[in-house]
Q: 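Let me begin by handing over the structure; questions about it come next.
Sequence positions, counted from 1, serve as the residue numbers for this chain. Quick caveat: nothing in here was measured; it's all calculated off a predicted structure.
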Amino acid sequence: MTQNSPPLVLPPSLSRTVAALPDKDRNRLNDTITRLHTVNGRLWDTEDRVRGALLSAAQVADCKREIDQLNAERNLLAERADEVLGSLADAGRADVPLHTETLASVVDRLSVLTLRIWHSERAAARDELARRRVPALHGQREELCAALDALVSDVVAGRRRLPVPARFKLYGRDDAAPAEIKPSRRLRRVLAFGGLSECGKSTSAEFVQRTCGAQRFKIGFLLRQAAHRESLADPYALSSRRQAELLLGELNRFADAHVDTELFTIESVHDDASITELKRLMGDALQIVYLDASFAVRVERSGTPAQAVAAKDEIKMSRGAHQVAELADHVIDNTGSIAALRARLRRIASPPASTALRAATPYGLGLPAAIASATADFTDAVRAYGPSVRLAALTGSPGEGSWIAGWSDLDLLVIAEHEAIGRVHEALEQYRTALGGAASLGPTLITPGELTARRLTPRLAFVLHQLQQGSPVLHAAPGLELPKISRGELAFAAVRELPQVILTMRRLRADAGPTALRQLYKHLVLAYRLLLREHNQWESGPDRILAAASRMPGLTALSVPSLAEISSAWRDGEVELVLKPVTVAVDQLLTWYAAQLAA
């Protein structure tokens with residue numbers, strides 16, 4: 001309803017009949033009748049507005065458009081109400097008298113009469129004619145309620161039939177009637193941020209924009225754009241449904257023009273009615289996020305006097321901003337740490353999903369028997385811990401099938417609840433003991449919460465991507481959810497990781513003795529792998545990576561021995577045979593890299 005408008009009270013017989021309907025039908029009917037009464041209230045206000053104060057031609061045109069939109073919505077809602085009310089009739093009696101109108105038409109008249117009484121009573125204090133009309137209007141309402149109750153009784157008993165409820169109303173030319181607006185198939189996900197003043201809406205939207213690549217919009221901007229496009233002077237004077245349609249239209253246009261954009265954010269949601277209508281149009285593609293914080297916290301964060309925050313709150317609450325919490329898909333208590341807020345936002349913006357992973361035994365990874373046996377014992381140990389350990393996997397060379405004894409590490413990823421980390425440490429210690437120095441173990445331990453909040457290093461993001469592409473795991477709990485890692489994310493991650501790799505290479509190159517060969521070579525391969533990702537090339541295996549790097553713009557062919565030759569020289573103590581070509585390749589890369597970034 002509009003502010004301070006009267007509720008619609010149904011007559012007793014109809015109320016009892018509605019109460020006896022199945023829950024689904026009853027709730028649908030109650031919602032539809034409430035919306036119908038609300039639309040009638042807005043129609044009354046709009047018609048008063050266009051007849052009242054002096055308006056510009058553009059404002060009059062806006063009012064006329066709104067009246068048409070509200071009337072169209074009124075008829076649609078009445079038809080929806082009749083879909084439920086019509087089920088009350090005894091469909092088998094075709095010989096009984098036909099009533100002149102449907103039950104929803106009578107309810108609609110009762111709604112208008114309720115509004116007329118309320119407005120007349122308000123005007124009675126200053127208008128003698130209105131005061132004299134009030135008793136007669138109440139008498140009309142009593143008669144209408146009695147007639148409606150009698151009609152309901154006749155319809156239920158099969159003594160009277162109801163006409164077909166379809167109204168076939170036309171607003172404007174039939175060939176110009178707009179089709180119902182639907183979300184574009186390219187409009188995949190929209191986050192709408194709501195809350196009172198200084199609750200963190202803009203900060204949250206900016207974080208999602210920066211970390212998830214979302215396109216960020218202000219609702220006011222979208223409405224102004226739509227108003228300009230359709231020659232509307234004031235979009236806020238339109239019905240909530242029409243405002244929602246305008247918002248969706250603008251989002252559709254942008255999504256269709258920017259097909260690679262996966263996520264949009266809109267702020268600030270201050271009108272519960274229009275966001276409710278937008279949710280009806282978009283369904284789960286729209287996720288409403290309400291940020292909550294106490295008044296004291298919001299005043300402290302704002303750095304302004306409490307009166308200023310309270311004044312802004314009052315304006316927002318008059319539009320229904322506080323009621324958005326009841327509609328929200330996610331309500332976030334934003335009184336805690338920024339880390340907690342960002343973790344929650346990342347899960348909402350990039351929700352994890354169940355992932356089908358390929359399981360393999362340690363003996364199927366090409367590992368020597370003793371190492372495979374120690375790995376199998378470790379896998380059995382963590383599997384026995386139950387769901388607290390979600391995943392265990394050997395990553396890198398074992399997954400790629402290029403593990404070399406005496407050269408390669410055993411890079412291990414374990415996803416486990418924080419409370420289980422102590423037991424994982426015990427299993428790792430037993431694993432190291434069983435390996436007996438046959439291989440160096442490099443474990444990475446991460447909790448499910450860190451994972452779904454996407455607190456990931458670039459290397460860990462790449463490992464998750466490899467698992468999702470089919471690299472094998474030793475153990476995965478049923479229903480495991482992992483963040484989806486795209487190639488685009490890895491390309492950006494490469495930009496962040498490469499500087500550290502280059503700095504490490506320079507440090508290793510400064511002391512390029514025989515003991516530095518292994519690390520120098522591995523960082524050379526890693527640096528080129530990251531550079532290739534930036535060029536959208538996805539090679540695996542050191543030999544293939546270095547071969548592909550030779551074809552990068554501005555680089556000459558690399559004369560680096562094969563991995564087999566380098567690992568053999570390392571094991572046999574003949575490092576000097578391969579150290580020089582590796583250091584030459586490192587120097588070549590560092591020179592090229594510096595030239596690419598020169599001012």
Side-chain angles (χ1 to χ4, degrees), residues 213 260 395-404 407-409 411 456-471 485-512 516-570 575-599:
D260 293 331
T395 64
S397 54
E400 295 175 352
S402 58
W403 193 86
I404 300 174
W407 170 265
S408 302
D409 292 330
D411 294 322
L456 310 174
T457 64
R459 295 193 192 191
L460 183 53
F462 179 68
V463 166
L464 294 174
H465 178 76
Q466 291 294 85
L467 295 180
Q468 291 165 350
Q469 296 302 306
S471 291
I485 309 296
S486 67
R487 283 192 172 186
E489 288 179 82
L490 292 182
F492 284 115
V495 176
R496 297 195 305 270
E497 186 180 10
L498 185 58
Q500 182 61 51
V501 174
I502 293 294
L503 293 176
T504 303
M505 284 180 63
R506 287 202 180 98
R507 175 173 56 79
L508 293 169
R509 180 64 183 88
D511 184 23
L517 170 67
R518 189 166 172 271
Q519 288 299 312
L520 202 58
Y521 175 80
K522 289 192 172 186
H523 277 78
L524 176 69
V525 172
L526 176 58
Y528 274 125
R529 184 174 219 161
L530 296 173
L531 284 168
L532 287 170
R533 276 187 220 165
E534 290 192 59
H535 287 75
N536 199 30
Q537 297 184 52
W538 302 84
E539 295 290 349
S540 60
D543 293 337
R544 295 182 64 179
I545 288 172
L546 295 178
S550 296
R551 298 188 292 272
M552 289 180 62
L555 275 172
T556 57
L558 300 173
S559 299
V560 181
S562 67
L563 173 60
E565 293 172 315
I566 291 177
S567 60
S568 176
W570 174 263
V575 172
E576 296 296 342
L577 295 176
V578 295
L579 180 59
K580 183 172 179 56
V582 170
T583 56
V584 168
V586 167
D587 289 340
Q588 182 180 350
L589 169 59
L590 293 174
T591 300
W592 176 88
Y593 184 77
Q596 304 310 302
L597 305 185

Q: Ignoring hydrogens and geometry, is there a side-chain-to-backbone donor-acceptor pair from Ser568 to Ala564 under 3.5 Å?
A: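 Side chain of Ser568 to backbone of Ala564, a donor-acceptor pair under 3.5 Å: no, none is there.
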Q: Rounded to the nearest 0.5 Å, how far does CD1 of Ile485 lie from CD of Gln468?
A: 6.0 Å
Q: Show me the donor-acceptor pairs within less than 3.5 Å that the side chains of residues 521-530 make with the rest of the protein, sequence neighbours left out.
A:
unit_1, atom_1, unit_2, atom_2, d
His523, ND1, Gln519, O, 2.9
Arg529, NH2, Glu400, OE2, 2.8

Q: Please list every donor-acceptor pair under 3.5 Å in which a side-chain atom of residues 489-500 meets a protein atom from a residue at least two apart or in another chain.
A:
unit_1, atom_1, unit_2, atom_2, d
Glu489, OE1, Arg454, NH1, 2.7
Glu489, OE2, Ser486, N, 3.1
Glu489, OE2, Ser486, OG, 3.4
Glu497, OE2, Arg459, NE, 2.6
Gln500, NE2, Thr504, OG1, 3.3

Q: Below 4.5 Å, heavy atoms only, C-beta onward: do Ile566 and Val560 meet side chain to side chain?
A: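 Yes, side chains in contact.
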Q: Would you say the side chain of Gln537 lies within less than 4.5 Å of the side chain of Leu531, judging by non-hydrogen atoms?
A: no
Q: Could you tell me whether the side chain of Arg487 reaches within less than 4.5 Å of the side chain of Arg533, counting heavy atoms only?
A: no
Q: Under 3.5 Å, is there a donor on one side chain and an acceptor on the other for Thr556 and Gln588?
A: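 Result is yes, a qualifying pair exists.
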Q: Measure the shortest side-chain to side-chain distance between Val463 and Asp411 over non-hydrogen atoms and say whether it is less than 4.5 angstrom.
A: no
Q: Looking only at heavy atoms, what is the nearest atom pair of Gly554 and Trp592, with distance?
A: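 Closest approach of Gly554 to Trp592, heavy atoms only: O-CD1, 3.6 Å.
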Q: Rounded to the nearest 0.5 Å, how far does CE of Met505 lie from OH of Tyr593?
A: 11.0 Å
Q: Once rounded to the nearest 0.5 Å, what's the spacing between atom CG of Leu555 and atom CD of Gln596?
A: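 These two atoms lie 7.5 Å from each other.
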Q: Donor-acceptor pair, Ser471 side chain versus Gln466 backbone, under 3.5 Å?
A: yes
Q: Under 3.5 Å, is there a donor-acceptor pair linking the side chains of Asn536 and Trp538?
A: yes
Q: What's the shortest heavy-atom distance between Arg509 and Leu520, and which atoms?
A: N-CD1, 4.0 Å
Q: For the residue pair Trp570 and Ile404, establish whether any side-chain heavy-atom pair is separated by less than 4.5 Å.
A: no
Q: Enter the distance from Ser540:OG to Leu532:CG here, rounded to the nearest 0.5 Å.
A: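 It is 11.5 Å, given to the nearest 0.5 Å.
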Q: So if I apply the side-chain contact (heavy atoms from CB on, under 4.5 Å) rule between Leu517 and each of Leu579, Leu508, Thr583, which one comes out positive?
A: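 So the option named by the test is Leu579.
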Q: Mind running side-chain contact (heavy atoms from CB on, under 4.5 Å) on Asp409 and Arg518 for me, showing each step along the way?
A: CA-CA 11 Å; Asp409 292 330; Arg518 189 166 172 271; 2.6 Å; yes
